[in-house]
J.: 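Just passing along the structure, written as structure tokens.
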Amino acid sequence: MGTINSRYKSYCYIENLSQFVGSEVTLRGWVYHKTGKGKLHFIQLRDGTGIVQCVVFKPNVSEEVFERAKSLTQESSLILKGYVREDPRSPVGIEIDVSDLQVIQLTNDYPITPKEHGDSFLMEHRHLWLRSSKQHAIIRVRSAVIKAIRDFFDGNGFKQVDSPILTPNACEGTTTLFETKYFDLGSAYLSQSGQLYAEASAMAHGKVYTFGPTFRAELSKTRKHLTEFWMVEPEMAFFDLDDDMDLAEDLVEYIVQYVLKHCKKELEILERDITKLEKVRRPFYRMTYTEAVDWLNRNNVPIIRKVDGKEIEEPFPWGEDFGAVQEEAIMEQFDKPCIIHRYPAKVKAFYMKRDPQNPELVLAMDMLAPERGGEIIGGSQREDDYNALLERIKEENLPLEAFQWYLDLRKYGSVPHSGFGLGIERTVKWITGARHIREVIPFPRMIYRIYP
RNA sequence: UCCAGAGUAGCUCAGCUGGUUAGAGCACCUGACUGUUAAUCAGGGGGUCAGGGGUUCGAAUCCCCUCUCUGGAGCCA
């Protein structure tokens with residue numbers, strides 16, 4: 001891997017300790033855990049890159065240093081010097097024999113102990129919970145996922161062209177938006193998708209991707225929803241739906257294989273079954289919406305409706321959108337992602353292109369992840385015909401003035417084009433096996449939580 | 001938003017059909033210990049039982065209201 005030459009490289013970090021066996025090093029960090037036994041103290045030191053056991057043996061250090069080591073508490077910050085030694089008794093094979101130790105700050109009453117805690121308590125202390133080893137591993141996987149995404153697109157001739165976060169109008173009129181005042185121009189909204197702007201950029205650059213936060217004021221309270229989440233949205237001129245699906249497969253395969261290669265330790269800490277991830281290789285499964293409905297009915301997965309307060313089970317009707325029950329039933333049979341494509345037009349957004357084979361369908365696709373990973377990608381070929389798009393905007397009662405620029409794209413050199421959005425958090429949740437989506441973003445924003 | 005569940009020590013929880021001064025483990029403080037890694041052993045401090053109202057001789061326990069939190073649904077990535 002290429003690295004940048006800098007003076008910071010000369011610092012010694014725990015992840016590089018194996019290069020320093022037999023020599024003296026200085027480490028800076030925090031006490032992750034400490035145990036003692038009379039004349040012997042064991043400090044689990046973490047420095048952000050890893051954890052190593054440091055041994056303080058009374059005869060080896062001065063009286064003051066031993067007293068300082070004895071007084072250390074969880075999450076106290078310190079600088080220590082010691083010899084790096086291979087030791088089979090250490091979980092990482094390496095240990096530090098401490099010769100000197102300086103306390104930067106002695107911590108009192110660190111709230112997160114090695115014992116169990118409730119979700120609510122940990123979320124209140126998210127700013128500290130980030131230091132715990134599983135949370136630390138998850139955020140490192142997140143970082144790797146983002147790097148994989150950038151490498152993939154940059155290496156395939158895409159340009160990153162960012163979309164605005166403050167927007168004048170709704171992209172998909174259906175979902176709820178966060179509204180804010182915008183000087184004398186009235187209201188602005190936090191973006192719920194960069195797609196429309198990505199389309200404009202694709203007409204300028206061919207293949208582009210936008211990467212940024214998106215905001216949805218939906219009143220959803222589940223473990224796969226955030227009100228602020230990150231999304232990467234590629235958009236490609238001259239791509240049809242099949243090209244779009246191929247690209248989505250390539251991307252997801254690349255991300256998973258990258259994480260398997262670069263995050264072995266993290267996946268181990270997270271106790272992730274990597275044999276399941278190793279199966280994520282092209283080609284993925286594909287089925288049309290209509291095939292999926294047939295499958296549901298052949299396998300007796302009904303839809304449950306409430307009529308007069310009573311729950312009634314009915315066969316799944318063609319034209320209805322899938323809920324969590326249907327998605328999970330379909331995915332149970334698959335050991336790698338599945339793309340479902342060609343949905344009924346009435347359950348999908350206005351900008352999606354009609355299927356020339358069947359006007360009731362749109363050229364849309366969703367990718368569902370196995371192991372209850374849920375929907376990680378939603379995409380489509382876009383409507384590129386001026387009149388067809390205008391018709392759809394009117395049908396949805398969207399403000400025509402706001403979409404004038406978007407219609408312009410169909411007026412000046414319109415071409416077939418496609419794109420999709422991949423949710424970073426849902427992807428990281430699936431890959432890490434995290435229980436809740438709030439664990440895969442450093443500071444989650446949810447319907448009832450905006451602290452810390 | 002709708003449905004369901006929860007709130008007792010810093011944390012995780014027990015506390016029965018109402019009955020003396022509210023309990024445990026961990027964390028914290030003091031001491032012992034040369035191989036711990038959720039160390040062990042001995043001792044110690046720590047409570048507005050979410051808040052308010054009601055029933056009762058008596059409420060953590062029963063009833064009502066409010067607040068907070070958790071999970072699920074719909075919608076979505």
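Each chain gets a letter, A, B and so on, in the order its sequence line appears, and its residues count up from 1.
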J.: Can you find a donor-acceptor pair, distance only, under 3.5 Å between A:His117 side chain and B:C11 base?
T.: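 Under the 3.5 Å cut-off, the side chain and the base do not form any donor-acceptor pair.
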
J.: Hey, is the side chain of A:Lys37 poking within less than 4.0 Å of OP1 or OP2 on B:G35, counting only N and O atoms?
T.: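 Yes, such a contact exists.
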
J.: Return the value, rounded to whole Å, for the distance between atom CD of A:Glu375 and atom P of B:G74.
T.: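 About 13 Å, once rounded to whole Å.
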
J.: Using a heavy-atom cut-off of 4.0 Å across all strands, would you classify A:His436 as base, sugar-phosphate, or nothing?
T.: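 Sugar-phosphate: the residue A:His436, judged by heavy atoms under 4.0 Å, touches backbone atoms but no base.
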
J.: Could you check how far NZ of A:Lys70 sits from C1' of B:A32, rounded to whole Å?
T.: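 Distance check: A:Lys70 NZ to B:A32 C1' gives 9 Å.
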
J.: Measure from CD on A:Glu327 to P on B:G74 and round the result to the nearest Å.
T.: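 To the nearest whole Å, that distance equals 9 Å.
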
J.: Once you apply a heavy-atom cut-off of 4.0 Å, does A:Gly118 come out as touching a base, just sugar-phosphate, or nothing?
T.: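 Sugar-phosphate, no base atom in range.
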
J.: State whether A:Arg223 places a side-chain N or O below 4.0 Å from either non-bridging phosphate oxygen (OP1 or OP2) of B:G71.
T.: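 Indeed not, no polar side-chain atom of A:Arg223 lies that close.
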
J.: Touch check for A:Arg438, heavy atoms < 4.0 angstrom, all strands: base, sugar-phosphate only, or nothing?
T.: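 Counting heavy atoms under 4.0 Å across all strands, the contact made by A:Arg438 is with sugar-phosphate only.
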
J.: What is the distance, to the nearest angstrom, from the CZ atom on A:Phe57 to the P atom on B:C33?
T.: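 For the pair A:Phe57 CZ and B:C33 P, the rounded distance is 13 Å.
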
J.: When the distance from CG of A:Asp321 to P of B:C75 is rounded to whole Å, what number comes out?
T.: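 Value for this atom pair: 6 Å.
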
J.: So what does A:Tyr448 touch, heavy atoms closer than 4.0 Å: a base, only the sugar-phosphate, or nothing?
T.: sugar-phosphate

J.: Touch check for A:Lys34, heavy atoms < 4.0 angstrom, all strands: base, sugar-phosphate only, or nothing?
T.: nothing

J.: Could you tell me the separation between the CZ atom of A:Arg126 and the C1' atom of B:C69, rounded to a whole number of Å?
T.: 17 Å

J.: What is the nucleic acid contact for A:Asn108, judged by heavy atoms within less than 4.0 Å: base, sugar-phosphate only, or nothing?
T.: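 Nothing, no heavy atom under 4.0 Å.
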
J.: Whether A:Arg435 contacts B:G71 is assessed here as follows: a side-chain N or O lying under 4.0 Å from the phosphate OP1 or OP2. Is that the case?
T.: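 Checking A:Arg435 against B:G71: no side-chain N or O falls below 4.0 Å of OP1 or OP2.
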
J.: Could you state the NE2-C1' distance from A:His225 to B:U1, rounded to the nearest angstrom?
T.: 14 Å

J.: Given atom CD1 of A:Ile447 and atom P of B:G71, what is their separation to the nearest angstrom?
T.: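 Rounded to the whole Å, the gap is 12 Å.
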
J.: Is the ring of A:Phe229 stacked on the base of B:A77, with centres less than 5.5 Å apart and planes under 30° off?
T.: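 A:Phe229 ring centre within cut-off of B:A77 base, planes near parallel; stacks.
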
